[in-house]
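Start at 1 with the first residue, then count along the sequence. Remember, predicted model here, so these are calculated numbers, not experimental data.
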Amino acid sequence: MAYSGTVSETTFNALKVVDHAFRRCRLPAQAITGEMQSYALDSLYLMLSEMANIKTPSWCIEKLILPFYENQPLIPLPLGTVEVLNANYRTIQPVTGASVSTSTSYTVNFTTQTTVDTVGVEWSGAAVPLTFQVSTNGTVWVTVGSSDVTASAGEITWTDISGALAYQYFRITSTGTFNYAVITLGNLPQEIPMGVLNRDTYVAQSNKVFPGRPNSYWFQRDIPEPVMHVWPAPFVSAEQAQLIIWRHRQIMDTTNLRQEVEVPQRWLQAIVDGLASKVAYETPAVDMNLMPVLEQRAAVSLQRAWDGDNDGSPTFINPGIGAYTK
């Protein structure tokens, strides 16, 4: 027997999803117009957006590293954030050495082998893409990470270096003029989980701008972007710390038929079945008798997809039963 020799390399873009959805509505290819493809994309967007109200898709869990600013308790979160799953206050041990700067680089000689896990930049101008490199002799450099963020003067960005090892030299290079006010290199990260407050508890705080180390937060689902209200308000030392959050974000938009839908392969059946049931209601040519069948098939496929969408880790249930005495 001859096999393909490939796994998960078949491209199944939005055009295929839309075409198969209409075929399940018993519509031939020649009957599918540009207008129908357009509202099918709209229905796909609505369906994927609605999924955030049901559960948290495993591939939509994302780690973010956000800065604290002195006396600023309100922290905007990126667009598409549905929920904060975990939030930690992280501190690092700063490391220093003899540094040399140019308009496009920043090089540090630690004199001894030193690990750099985290890089912080306080910008004095617009942010530019950065590359992080290490060396044992200051001549031969190995790239260990990069950063391409949007930031303005006065803003702070943090980047973690995955799998960092100890080297004597560390260098930051940029593709344009490197405008920075402060660079912080650190290791030995320590994270402390932050408590979650509800609105009433946060509102009841008598002094919401009391300075200190933030230890709790209230997550507000605001428009256009949600925000975290941290308490106490960050003191000056917090600008050397980081807010580590694991967020549930929306599935990426699919804006044209050439793009792939941001779902894993195991979800494609559920997406096609779900879209078929949606477009059937907006397509007059679809037989109304098919709609109950399409809805039932979509419900079964979606349930199977959710049932298989887990990380396989054990579940711990703590009923909180304690002793009772009168």
Side-chain angles (χ1 to χ4, degrees), residues 62-81 84 87-109 116-134 141 143-162 164 169-187 189 208-214 217 220 222-245 247 249:
E62 185 176 72
K63 177 185 175 182
L64 296 177
I65 309 173
L66 302 178
F68 290 106
Y69 297 100
E70 184 181 7
N71 294 329
Q72 294 188 24
L74 192 147
I75 300 177
L77 298 180
L79 288 172
T81 300
V84 173
N88 290 345
Y89 181 92
R90 185 175 74 180
T91 59
I92 57 174
Q93 178 66 46
V95 293
T96 59
S99 62
V100 177
S101 300
T102 69
S103 61
T104 59
S105 69
Y106 176 86
T107 305
V108 178
N109 180 356
V116 176
D117 292 306
T118 303
V119 179
V121 178
E122 181 179 345
W123 298 90
S124 60
V128 293
L130 302 177
T131 299
F132 308 123
Q133 299 177 321
V134 293
W141 296 90
T143 298
V144 293
S146 61
S147 171
D148 188 1
V149 297
T150 301
S152 303
E155 294 183 333
I156 302 172
T157 60
W158 296 95
T159 306
D160 282 351
I161 298 176
S162 178
Y169 294 88
F170 187 88
R171 181 170 74 175
I172 304 173
T173 63
S174 63
T175 57
T177 303
F178 189 13
N179 297 311
Y180 67 89
V182 178
I183 290 180
T184 302
L185 307 179
N187 57 22
K208 299 176 182 59
V209 293
F210 172 76
R213 180 184 68 79
Y217 68 94
Q220 181 182 5
D222 208 352
I223 295 177
E225 57 190 16
V227 295
M228 290 179 67
H229 300 261
V230 299
W231 191 88
F235 54 6
V236 64
S237 297
E239 292 195 354
Q240 295 298 307
Q242 303 89 47
L243 173 61
I244 310 298
I245 71 170
R247 68 162 182 161
R249 63 162 175 84

| said: Show, in sequence, the C-alpha distance, side-chain angles and deciding distance for Phe178 and Ile183, and conclude whether the side-chain contact (heavy atoms from CB on, under 4.5 Å) test is met. | reply: CA-CA 11 Å; Phe178 189 13; Ile183 290 180; 3.8 Å; yes

For residues [X] and [Y], determine if any side-chain heavy atom of one lies less than 4.5 Å from a side-chain heavy atom of the other.
X	Y	value
Leu77	Leu66	yes
Pro78	Leu64	yes
Tyr217	Ile245	no

Considering only distance and modelled atom types, tabulate donor-acceptor pairs under 3.5 Å from the side chains of residues 92-101, sequence neighbours left out.
unit_1, atom_1, unit_2, atom_2, d
Ser101, OG, Tyr180, OH, 2.7

At their closest point, which heavy atom of [X] faces which heavy atom of [Y], and how far apart are they?
X	Y	result
Gly120	Trp158	CA-CE3, 3.3 Å
Pro226	Thr81	CG-O, 3.4 Å
Ser103	Ser174	O-OG, 4.4 Å
Pro73	Asn71	CD-O, 3.4 Å
Trp123	Ser152	CB-O, 3.7 Å
Pro76	Val227	CA-CG1, 3.9 Å

| field | Residues that Phe170 engages under ring pair (Phe, Tyr, Trp, His ring centres under 6.0 Å), provided they are two or more places apart | value |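 Result, ring pair (Phe, Tyr, Trp, His ring centres under 6.0 Å) vs Phe170: none returned.
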
| field | Sequence-distant partners of Glu62, salt bridge (Lys or Arg N to Asp or Glu O under 4.0 Å), two or more places apart | value |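 Per chain and number, Glu62 pairs via salt bridge (Lys or Arg N to Asp or Glu O under 4.0 Å) with Arg247, Arg249.
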
Would you compute the distance between atom [atom1] of [X] and atom [atom2] of [Y] and round it to the nearest 0.5 angstrom?
X	Y	atom1	atom2	answer
Ser146	Ile172	OG	CD1	12.0 Å
Arg171	Trp141	CZ	CH2	5.0 Å
Asp222	Met228	CG	CE	14.5 Å

| field | Pairs satisfying side-chain hydrogen bond (donor to acceptor under 3.5 Å, both in side chains), at least one member in residues 224-235, at least two apart | value |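 Checked against side-chain hydrogen bond (donor to acceptor under 3.5 Å, both in side chains) - neighbours excluded - the pairs reaching residues 224-235 are Gln220-His229.
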
| said: With a 3.5 Å distance limit and no angle check, can you tell me whether Tyr69 reaches the backbone of Ile156 through a side-chain donor-acceptor pair? | reply: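 The answer is yes, because a donor-acceptor pair under 3.5 Å joins these two groups.
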
| Partner set under side-chain contact (heavy atoms from CB on, under 4.5 Å) for Asp160, not counting sequence neighbours |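 If we apply the side-chain contact (heavy atoms from CB on, under 4.5 Å) test to Asp160, skipping adjacent residues, the hits are Lys63, Ile65, Arg90, Thr118.
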
| task | For residues 232-243, pull every pair meeting salt bridge (charged side-chain N to carboxylate O under 4.0 Å, His left out), keeping only residues two or more places apart or in separate chains. | result |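 Of all non-adjacent pairs touching residues 232-243, none passes salt bridge (charged side-chain N to carboxylate O under 4.0 Å, His left out).
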
| said: Let's go through Leu130 and Val128 carefully: what are the C-alpha distance in whole Å and the side-chain angles of both, what is the deciding distance for side-chain contact (heavy atoms from CB on, under 4.5 Å) to 0.1 Å, and is it a yes or a no? | reply: CA-CA 6 Å; Leu130 302 177; Val128 293; 4.2 Å; yes

| said: Applying side-chain contact (heavy atoms from CB on, under 4.5 Å) to Val116 and Phe132, what does each step give before you reach the verdict? | reply: CA-CA 10 Å; Val116 176; Phe132 308 123; over 6 Å; no

